[in-house]
2 protein chains.
Amino acid sequence: MAPSRKPLPTKPRAAGITDVARLAGVSTATVSRALMTPDRVKPATRDAVMAAVAAIGYTPNQAARSLRARRTAMVITPTISNVVFGEIVRGIDDALSDAGYGLIIGNLDNKRERESYFVDLAFAGQVDGILLMNGWMPKKDDRSLRDTGLPLVALNSAVDGPDIPKVVVQDREAGTEAAAHLVALGHRSLGYISGPLGSWVQNERWQGFCDGVTAAGLDLATVVHWRGDYSFAAGTAVAEEFLRQADPPTGIFAASDEMAIGFIKRIRQAGVAVPEHVSVVGFDGIKFARFCEPTLTTIHQPLQEMGRIGASILLEMINAPGAPQPEWTRMPVPLIPRDSTGPAPKRSRARRPVTVASS
Amino acid sequence: MAPSRKPLPTKPRAAGITDVARLAGVSTATVSRALMTPDRVKPATRDAVMAAVAAIGYTPNQAARSLRARRTAMVITPTISNVVFGEIVRGIDDALSDAGYGLIIGNLDNKRERESYFVDLAFAGQVDGILLMNGWMPKKDDRSLRDTGLPLVALNSAVDGPDIPKVVVQDREAGTEAAAHLVALGHRSLGYISGPLGSWVQNERWQGFCDGVTAAGLDLATVVHWRGDYSFAAGTAVAEEFLRQADPPTGIFAASDEMAIGFIKRIRQAGVAVPEHVSVVGFDGIKFARFCEPTLTTIHQPLQEMGRIGASILLEMINAPGAPQPEWTRMPVPLIPRDSTGPAPKRSRARRPVTVASS
DNA sequence: GTGAAAGCGCTAACAA
DNA sequence: TTGTTAGCGCTTTCAC
C-alpha cells in the first residue's frame, strides 16, 4: 500500500521546549538539563522549570529527542505472538525507559529472512546496543551483527562469543529437575517433547533431562523424544503419535506449557488419565497453567526479571565500554508441582481404552 | 532512576540518505521521493536510487523521519496484559505502518491517573490522530482530548460524540445470542458474569443478554448478575459465590473467556459438572478456549480486523478532514458452540455434592 | 521530474 | 551553573 499523504503541514502548534524556557525565564538548554540531569542545575532553577513544565503540560518530543541524543537499543525476538517473549520484552522496556533509552523491537515473526532488515538497521547506526533473544547471530549476506562492534547481550538463549554476556535461566538444571521429579514419582519410562531442534535452550533442556535420566540409573535409549515447536498444536500432534505408540512412556516433560496443555488435552480425550496414567511437566509458568485440567506442574521462568537484567547489562556495556561483564547470568527456575504429575501407575504401560478393553 | 549518560557521542557513522544520494547521483530530495512516493519519480531514477539503497544497505532513520514528517497515531488502551487488547493493537499497527505512520501505545495499565500523560502528549501536538480503546474521553484537569481537535476513533468500546466513529463488535446481539443459545438448550435460570461495571461494552453485553432473556419469556428478575473484571481471578471469585448460592442458575454467560474458564475450573473442583449441571458461554475466542476442560463455547471477536478497520478510518479522517465517516461500524461476532454448553439438567437446580447427598 | 534550502524539537559541546 | 550554537537525518516547500 502506498503511503497516504498528509495534505497540510499546518499543525495546532504545541508547547515545545522553547515555550517552557520562555515561561521559566531560562534557556532551552537549561530546560533540557533540568529534565535529563536534574542534579546539574540549581534547585531553584530546576523548580522554576518544573513549574513551567507542569503549567503548560509540556511533554518532550520523543522523535526529536532520540534523533538528537541517539539513545536506542534493539531487541531481536523470534516472535511476539508468544507470551514468553512478550514478557521478557516488557522487562527490557522497563529497564531501558528508566534509563532514557528507546527500544526498537525487531520481530522476526519466525521468518529468518527478516533478520537482514535489522542487520541493516544496526549498520545504519540507529541503535546503541542489541539484545538477542533468537539464539543466533543475525546476518545479512556476509555481514554479521557482530561486525557492527555494538554491545550485544544474549537473552533467554545463548549466543557464542566471550564478549557476549548471556542471561538465561538454568534450563539444564530445570531439565534435570523435571526428570528427577518424574523419577521420584516412580516413573521409569520417560518422554520429552522438544522445542524447535537446534536451538540452544532446546538443547539445554534436553541435555539436562538426559542428565537426570542417567543420574537415576535409567537407560537413555528408552527415552522417547518427540519433536515440537512450543505451540498448542505441536502438543496435540505429539499426542497423536503418543496414542499410536504400543508402549508409551508414563512420565513426560514438555519444553513449553502450551505443548504440555495441548498434549494433555488430546490424550485425555482419548481416555488416558492425567496424572493417573501419565504425568506431564511443562515449562514456562504461563498463567493459564493454573486453569487447565489438571493444573499443570511446570517450571516457572522469571521472564520480566530476565528482561530487566539483560537490559541493565547492555546499558552498562554502552556506558562503560570495555568494563568486564559477567559472561553468564543463570537464573534459577523453580519447579512448581501441581496436579498434572503423580505417582507412576503400577503397570509401566499407559492404559488406553483399547488396552483396557483387550486385557 | 537517573538516566545514564553516554560518555562519547562518537558513532561509527553510518549510511545516510546523503550517501545514497551521492551513490545514485541524485539529490537527497529525490532519494526521499523515490522512497516515499515512487510514482512521482522517473522509473530510471527510481531504479538507480533503489540500487544504491540496496548496495549500501540504507535504512531510513525513523526518528528523523517522524520528527520531520510527523506521521504518528496514538492508541489509548486500558491494559496491555490482556490478549484482547494486544490483538487489536496488532491490527492497528499493521494498518498504520502500511501507511507510513508510527504508533504510540498509550497504556493506562488500568490506572486512570495515567491518562493525563497522554492528554499532554496530544496537546503537545505529537500525534495526528487517536484511537480510544478505553471507552471514555481522557481528560487532564479541565482539558479533554476532544479539545485537541484531533481525529478520534473509538475502538472496541463506544465513546459519545457524533464526530467520533465507533468500531465495535455487535456486543448486544452477541449477548442476545448467548442467552438464546442457553435457552434453546433448555436453561431457564440464567446468570451473567460482568466486566467492570459502567463500561460501554459491558452494558451492551448485559443489555443484549437481557433482551434475549425477555425474548424467551423468562423473568429478568431471576437472572443472577455477578460482578467481574474479565480476569481468571474474577471467574474463580464468582464461582465461590455461585457455590454458596442455594439455587444457582444452570446457564451462565461470562463477559470474557478468562472469567468463564476460571469459573468453570473452580466449580468443577467443587463437583459441579460442566455442561451436565451447568452450561457456560464465554466471550472473546482466545486460543486457550480450545484447550481448557471442557472446551469453551464462546463468542469469537475479530480483534485484529477491528484494529485494522479502526486505523483505516482514522487515516481517512487525518487525510481528508471533514469527509464524512460512518459513525458506527458494528462487526458480527459468531457464537462458537463447544463442550461447555449442553442441555439443561432435569432439575433446574445445579446439583452440587451436598445437594446430591441430601436428596 | 528534480534540486536547493529550510527547518522539525531537541541535546551537547563549548564558552562564559 | 547557565547560555550560545550547531546540528541529529530526514521531508517538503519552492523554484527551476
Side-chain angles (χ1 to χ4, degrees), chain A residues 3-11 13-22 24-49 53 56 58-72 100-102 121 124-128, chain B residues 3 5-11 13-22 24-49 53 58-72 100-102 121 124-128:
Chain A
S4 318
R5 324 265 62 256
K6 198 180 328 165
L8 300 169
T10 29
K11 274 266 170 169
R13 273 288 286 102
I17 199 172
T18 7
D19 305 280
V20 179
R22 197 177 320 117
V26 298
S27 74
T28 61
T30 302
V31 175
S32 176
R33 270 190 295 259
L35 261 30
M36 297 293 296
T37 50
D39 31 287
R40 289 194 200 169
V41 300
K42 197 163 55 178
T45 321
R46 190 174 61 223
D47 293 346
V49 170
V53 165
I56 62 181
Y58 166 71
T59 315
N61 182 316
Q62 272 309 325
R65 196 172 249 198
S66 92
L67 173 58
R68 182 62 237 229
R70 324 182 103 219
R71 249 185 264 113
T72 313
Y101 271 69
L121 217 56
Q126 297 190 28
V127 299
D128 306 295
Chain B
R5 324 264 62 253
K6 197 180 328 162
L8 300 169
T10 30
K11 275 266 171 170
R13 274 288 286 102
I17 199 171
T18 9
D19 305 281
V20 178
R22 195 176 321 117
V26 297
S27 74
T28 60
T30 302
V31 175
S32 177
R33 270 190 295 259
L35 261 29
M36 296 294 295
T37 51
D39 32 287
R40 289 193 201 169
V41 182
K42 196 164 57 179
T45 320
R46 190 174 61 223
D47 294 345
V49 171
V53 165
Y58 165 71
T59 315
N61 181 317
Q62 273 310 322
R65 193 172 251 196
S66 92
L67 173 59
R68 185 63 239 234
R70 325 187 97 216
R71 247 181 266 115
T72 312
Y101 271 70
L121 216 55
Q126 298 191 25
V127 299
D128 306 294

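Residue numbers begin at 1 in each chain, while the letters A, B, ... track the order of the sequences.
Among all heavy-atom pairs drawn from B:Ala64 and A:Leu67, the shortest one is CB-CD1, 3.6 Å. A:Val41 and A:Arg46 get closest at one heavy-atom pair: CG2-CB, 3.6 Å.
Taking the nucleotide of DNA chain C with the nearest heavy atom to each of B:Ser27 and A:Ala29, the more 5' of the two is matched to B:Ser27. In terms of position on DNA chain C, the residue among B:Thr45 and B:Leu67 whose nearest nucleotide sits closer to the 5' end is B:Thr45. Residue A:Thr28 is the one, among A:Thr28 and B:Arg68, whose nearest nucleotide of DNA chain D lies closer to the 5' end (criterion: closest heavy atom).
Applying the 4.0 Å criterion to OP1 and OP2 of D:dG9, one finds that B:Thr18 has every side-chain N and O outside that range. Put simply, B:Arg40 has no side-chain N or O that comes within less than 4.0 Å of OP1 or OP2 on D:dT12. Remark: A:Arg71 is in phosphate contact with C:dA12, judged by side-chain N or O atoms under 4.0 Å from OP1 or OP2. Dashed line: the shortest gap from a side-chain N or O of A:Arg46 to OP1 or OP2 of D:dT1 is not under 4.0 Å. Proximity of A:Arg65 to the phosphate of C:dC10: no side-chain N or O atom is located under 4.0 Å from OP1 or OP2.
Considering only the side chain of B:Thr30, C:dT2 comes nearest among C:dA5, D:dG7, C:dT2. Distance from the side chain of B:Val26 is smallest to C:dG3 among D:dT11, C:dC10, C:dG3. Distance from the side chain of A:Arg33 is smallest to D:dT2 among C:dG9, D:dT12, D:dT2. Among D:dA6, D:dT12, D:dT2, the nucleotide with an atom closest to any side-chain atom of B:Ser32 is D:dT12.
B:Gln126 contributes a side-chain N or O that, together with a main-chain N or O of A:Pro60, makes up a donor-acceptor pair within less than 3.5 Å. Here the side chain of B:Asp47 pairs no donor or acceptor atom with the backbone of B:Ala44 at under 3.5 angstrom.
The side-chain heavy atoms of A:Tyr101 and A:Thr72, taken from C-beta on, include no pair separated by under 4.5 Å.
Atom P of nucleotide C:dG1 and atom NZ of B:Lys42 are separated by 9 Å, given to the nearest angstrom. Rounded to an integer number of Å, the gap from A:Gln62 CD to C:dC8 P is 19 Å.
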